Undergrad: 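Got a structure for you, questions after.
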There are 2 protein chains.
Amino acid sequence: MTSTPTLDAPRSATKTPPARTWTIAELAREYNVTPRAIRFYEDEGLLFPTRAGMSRIYSQGDRWRLGWVLRGKRLGFSLAEIKELLDLYHADRSGVQQLRAIVRKSREHVGELETKLRDLRAQIAEFREVEGHAVQMLRDKGVDPESE
Amino acid sequence: MTSTPTLDAPRSATKTPPARTWTIAELAREYNVTPRAIRFYEDEGLLFPTRAGMSRIYSQGDRWRLGWVLRGKRLGFSLAEIKELLDLYHADRSGVQQLRAIVRKSREHVGELETKLRDLRAQIAEFREVEGHAVQMLRDKGVDPESE
DNA sequence: TATAACGTTTACGTAAACGTCAATGCGACC
DNA sequence: GGTCGCATTGACGTTTACGTAAACGTTATA
């Protein structure tokens, strides 16, 4: 875990904090996924942790990227789409053509997301209504809908 | 919501209203999916069109269900989950236990949907910012971000 | 009447996203 | 120094959601 007390960072000289890292198992627990899935995401080019010997070491940035990937999954995107979006997010911004591409793709994606937003609002409304009906029917039967 | 026998169309004749139906190819075109997919959804218990000879005939209700299925897919649900939700939507409401189950599952699902909603808002905000930055950088370079 | 344009079933193929071994390495502890 | 415990890399298996092709029936039109 926190390995051998060999030479520590010269805290008095440098202002950089210890820079926490994580093992694959720690991240897996935290995000409730398997190590296998995390390695798979790396194979797919979504993560690129450093190594300590053979073991993978995850930085704050890798951790953030993993969270981002999982959020994308919850929203129904494929790993390929998520990769494109992450790459876009960290894309080269040096040239005009690159910037134009970023603008175009961002707008495209926001459009998609807004469609999902409408779908989502509609489903939420529908299921609130379903719930409301059921609750009312329970009341009509003289049953408290909140009791076990 | 029953009869309002005012100055509506004369219902004097014996016939019921036309009741439009659709073929599988028509629905496939309309919803931009393949007939194969529509048949697959039927195999999975998501649709149950009637038949005219061997051919499938889709009612207004089937059409609605198909749209519902596709919306669920866009929101990242599996066909199994969608089936559960659709079944819930049309579930037996006769008994107290059934009604309780409906209330519980509806609330569960709304909770899931609200998580997605937060995820979605966050992603929209992020990509609007990505776009905004790129647009600003183009302006800084003296380029009109809107021109081709 | 033939053939195109749809529809059907059956069956095998496939891409995505992992799960599940198996064999192995490696530092930690007893 | 043996055994945990966690890490690694293959490699094959599995589930989901269809795609694709073959073989065939049914209606419309030339």
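Remember, it's a predicted structure, so these values are computed and weren't measured experimentally.
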Undergrad: Determine whether the aromatic ring centres of B:His109 and B:Phe77 lie less than 6.0 Å apart.
TA: yes
Undergrad: Are B:Met54 and B:Leu47 linked, directly or through other ILVMFWY residues, by side chains that come within less than 4.5 angstrom of each other?
TA: no
Undergrad: Are the side chain of B:Arg65 and the backbone of B:Leu46 linked by a donor-acceptor contact shorter than 3.5 Å?
TA: yes
Undergrad: If you walk 5' to 3' along DNA chain D, what is the first nucleotide with an atom under 4.0 Å of a heavy atom in chain B, and what is the last?
TA: D:dA17 to D:dT20
Undergrad: Take atom CZ of A:Phe40 and atom P of C:dG19, then tell me their distance rounded to the nearest Å.
TA: 10 Å
Undergrad: Are B:Ile24 and B:Ile57 linked, directly or through other ILVMFWY residues, by side chains that come within less than 4.5 angstrom of each other?
TA: no
Undergrad: B:Glu114 and salt bridge (Lys or Arg N to Asp or Glu O under 4.0 Å): which single residue from A:Arg128, A:Arg121, A:Arg74 fits?
TA: A:Arg128
Undergrad: When rounded to the nearest 0.5 angstrom, what distance separates CG in A:Leu27 from CG in A:Asp62?
TA: 8.0 Å
Undergrad: Under 4.5 Å between side-chain heavy atoms, counting indirect links through other Ile/Leu/Val/Met/Phe/Trp/Tyr residues: same cluster for B:Tyr41 and B:Phe48 or not?
TA: no
Undergrad: Contact list please: residues 57-79 of chain B against DNA chain D, heavy atoms, distance less than 4.0 Å, in numerical order.
TA: B:Lys73, B:Ser78, B:Leu79
Undergrad: Within the structure shown, what part of the strands sits under 4.0 Å from B:Arg39 by heavy-atom distance: base, sugar-phosphate, or nothing?
TA: base
Undergrad: Do other residues, nucleotides or ligands put more than 12 heavy atoms under 6.0 Å from the CG atom of A:Asn32?
TA: no
Undergrad: Using the closest heavy atom to pick a nucleotide of DNA chain D for each, name whichever of B:Arg36 or A:Ala25 lands nearer the 5' end.
TA: A:Ala25
